[in-house]
Structures are given as structure tokens and as C-alpha cells.
Amino acid sequence: MGRTRQTGRTLSLLAHGPRLEADGETHRRDCECVRCDAGFRPSEEERRTAHLRWEVRRARAAAERALERRRERARIKQAALSLELAAEARAVDARIRALRAARARTESDDRLERLRRLRTAGMPLAAAIAEVERDAEVEREAERERVGPAGLEPAAYGLKVRSSTN
């Protein structure tokens, strides 16, 4: 029996993983890994160089994140502006449609046209309104006399039978 049997536990040479600095590459001074135990520890100059490389990478990553945040803010601002402009355009279109409809109604109303002519001629507003109302009342009286209490009167679709006075 030429074999001897060892008692106790055998530790693997890889039992201790490397302990790294914050940069994730440089082994710490108290690292107990196989490489460091063999004497291949980084020198102080290598540590300084690795630390500078890590700082540069960290600063570059921070600058990239800041640039991406600025770009995202600009995209959001542009989207908000386009939404605001679209809403304003819809509001302006609605206002223009309302004004055109009001203009069509006023152009078809003889009383408003008469009021406009009187005001353009320089008549005060109260006097112009009274004049237009007086003319409208005269026209209504003439219409009643012409048609009578029951009769035919012109309508948009032909003649309309009026059965009582208005």
C-alpha cells in the first residue's frame, strides 16, 4: 500500500478569488488570490494608471448620460410644442369657421345690413338701432295687412299657409 492518505481538507488553489479595486480590474493590496500570492501584484504606477483610466471612463459615461438627458428633454419639449401648436391651430380653425358662419348670417339679415349702413354713415348706435327696429316693425305691419289673419306667405320651400296672426 504505497499510497498514503492525507487527512484533513485540501484547499484548492482557486479558493480565494481576487479582491478588486473599485475599477473592477486592479487587484487590491490585500488580495490573496493565486496570482497575487505568486508575486504578480500591480505596482503603484499601474494602480495610478488604472485609477485614471477608470475615472476617465466614469466621466465619459456621466457625460453620455447627461447628453442623453438633454436630448430627451429636447424631444419632450419639441413634442409638447407640436401638440400645443396643433391645439392652437384647431382652435383658430374653429374660430374662423364660427366667424364665417356669423358673417353669412349677418349678410343674409337685412336689418343688420341696414344697421351697418346707418353706422357707417355716422349715426349714433342707439339712434341706428331705433331706426332699424322702427323699419322692421313697419315691414311686419305691412306683411300682416298684405296676408291677413289667415292666408299664404312666402317661405323658403314655397308658400306657407298662416292660420293665425303672429
* To do: Give a yes or no answer on whether the side chain of R111 reaches the backbone of L115 with a donor-acceptor pair at less than 3.5 Å.
  => no

* Asked: Is any side-chain N of the basic residue among E68 and R65 closer than 4.0 Å to the acidic one's carboxylate O?
  -> no

* How long is the span from the CZ atom in R47 to the CG atom in L52, to the nearest 0.5 Å? -> 14.0 Å

* To do: Give the C-alpha distance, both sets of side-chain angles, the deciding distance and a yes or no for side chain to side chain contact (heavy atoms under 4.5 Å, CB included) between R75 and R71.
  => CA-CA 6 Å; R75 279 192 295 267; R71 286 179 179 160; 4.0 Å; yes

* Hey, which of V132, D135, I129 is the one that makes side-chain contact (heavy atoms from CB on, under 4.5 Å) with L118? -> V132

* Kindly indicate whether the side chain of E55, heavy atoms from C-beta on, has any atom under 4.5 Å from the side chain of H51. => yes

* Asked: Does the pair R116 and R119 meet the rule for a side chain to side chain contact (heavy atoms under 4.5 Å, CB included), with working shown?
  -> CA-CA 5 Å; R116 187 189 62 76; R119 290 291 292 149; 5.9 Å; no

* **Side-chain (E46) to main-chain (S43) donor-acceptor, under 3.5 angstrom** => yes

* To do: Could you tell me the separation between the CZ atom of R95 and the CZ atom of R97, rounded to the nearest 0.5 Å?
  => 12.5 Å

* **Interatomic distance, E107 atom CD to E113 atom CD [nearest 0.5 angstrom]** => 8.0 Å

* To do: Compare all side-chain heavy atoms of R100 with those of R103 and state whether any distance is below 4.5 angstrom.
  => no

* Asked: Which distance, rounded to the nearest 0.5 Å, do you find between the CD of E88 and the CG of L81?
  -> 9.0 Å

* To do: Look at E137 together with R140 and state whether they make a salt bridge at an N to O cut-off of under 4.0 Å.
  => yes

